[in-house]
Every structure is written in C-alpha cells, then in structure tokens.
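Excluded from the calculations below are hydrogen atoms, water molecules and symmetry mates; all remaining heavy atoms, backbone and side chain alike, are included. Since we're looking at a predicted model, the values are computed, not measured.
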Amino acid sequence: MMQTLGATLEDIGPGRTRIAAPIAPHVLQQQGFAHAAVSFAIGDTAAGYAALTTLPEGAEVVTAEMKIHLLSPAVGERLVAEGRVLRPGRRIVTVAADVFAEGAAHSGGRKHVATLLGTMVPVDG
C-alpha cells in the first residue's frame, strides 16, 4: 500500500514516526482533495510503526481499532503523518497520529487535516 501511495518513512524514534506521501492525481477524490483513505493509510501506518518502536525486536503489530477525524480538505503537495504512542503495553498499544497537508496552498506551511486514535495488538513476527 505504501508503495502504491509513494509514501516514505522520513523519521523514526522511540514511540514516534513520520511518513509522507505526495498528493498525486491518482489519489484525488471527486472535489480535487486527497482522498481520506490516503490520510487514513499513512496515519495508521505511522501509528503502527511508532508502536513497533516500543516492542522487542522481531515483533509485529496489527491494528485492532482506528478512528479518524477529518478536520479539513487535504490540499497541497504532500501529506505528512506523525504517529506516536500514547500508552505502550504488552497486549495493547494505544496510538495516535496527526496528518498535515503541506505545500504552496498553505503558503509553504502546513495544515492539520486529520487526527487518528487507535489501538495496535502485538503479534509474533
């Protein structure tokens, strides 16, 4: 999925990650905004990788639940998802992610377009 979106992992640290994806023509919805599925996909992935940073090497996670709040149309050159761990655990990791649209549409800055909150379940790798 991340390859299809052209997404890249830009930063990773203890309990946090950042993933970016271009707002390309093939991911636009009917009104010309990036489809909400793009925000969800990179937000979920950023949150999942953040969860992985709190687990032993070789562990994997699957999303048990994820909620998204769409705050503003995703317009610009790219979307950036910043995932973080809210509460690490052995059985459930509570995570969040914020998604921002960046580019000229925001005077070179960024606009908060979505917030995700969910839980990840560690599984054997």
Atom CE of M1: over 12 foreign heavy atoms under 6.0 Å:
no
Can you tell me how far CZ of F100 sits from CG of L79, rounded to the nearest 0.5 angstrom?
11.0 Å
Does a sphere of radius 6.0 Å around CZ in F40 hold more than 12 heavy atoms from other residues, nucleotides or ligands, not counting ones at 6.0 Å or beyond?
yes
Grab the two heavy atoms, one from A47 and one from A97, that are nearest each other, plus how far apart they are.
CB-CB, 4.5 Å
Are V99 and M66 joined in one hydrophobic group, where the rule is that I, L, V, M, F, W and Y side chains link up if heavy atoms are under 4.5 Å apart?
yes
Without swapping roles, check the side chain of T17 against the backbone of A46 for a donor-acceptor pair under 3.5 Å.
yes
Testing the basics here: between L70 and A114, what is the closest heavy-atom pair and its distance to 0.1 Å?
CD2-CB, 4.2 Å
K111 and L71: CA distance, side-chain angles, deciding distance, side chain to side chain contact (heavy atoms under 4.5 Å, CB included) verdict
CA-CA 9 Å; K111 186 172 188 178; L71 307 173; over 6 Å; no
Distance col, row H35:NE2 vs L5:CG, nearest 0.5 angstrom, shows 11.5 Å
Ignoring hydrogens, what is the shortest heavy-atom contact between V61 and P122? Give both atom names and the distance.
CG1-CA, 4.1 Å
The complete set of side chain to side chain donor-acceptor pair (under 3.5 Å) pairs with one or both residues in residues 50-64, sequence neighbours excluded, reads D44-T63
Find the distance between CD1 (I68) and CG (L116) and round it off to the nearest 0.5 Å.
4.0 Å
Please walk me through it: do I19 and L9 pass side chain to side chain contact (heavy atoms under 4.5 Å, CB included)?
CA-CA 5 Å; I19 293 176; L9 180 62; 3.8 Å; yes
How close do A74 and V113 get, heavy atom to heavy atom, and via which atoms?
CA-CG1, 4.0 Å
Is R18 salt-bridged to E102, going by a charged N under 4.0 Å from an acidic O?
no
Which heavy atom in A34 sits nearest to a heavy atom in L28, and how many Å separate them?
N-CD2, 3.9 Å
First locate atom NZ of K67, then atom CG of L117, and finally report the distance between them rounded to the nearest 0.5 Å.
8.5 Å
Interatomic spacing from CE in M120 to CG in L52 - rounded to 0.5 Å
8.5 Å
Does the side chain of I23 reach to within under 4.5 Å of the side chain of V75, using non-hydrogen atoms?
no
Within a strict 4.5 Å, meaning less than it, do heavy atoms of the R16 and D11 side chains meet?
yes
With a 4.5 Å heavy-atom cut-off, do M2 and I42 have their side chains touching?
yes
Quick check: closest heavy atoms across P22 and G6, and the distance to 0.1 Å?
CD-O, 3.4 Å
Would you check if R87 and I92 make a side-chain contact, meaning some heavy-atom pair closer than 4.5 Å?
no
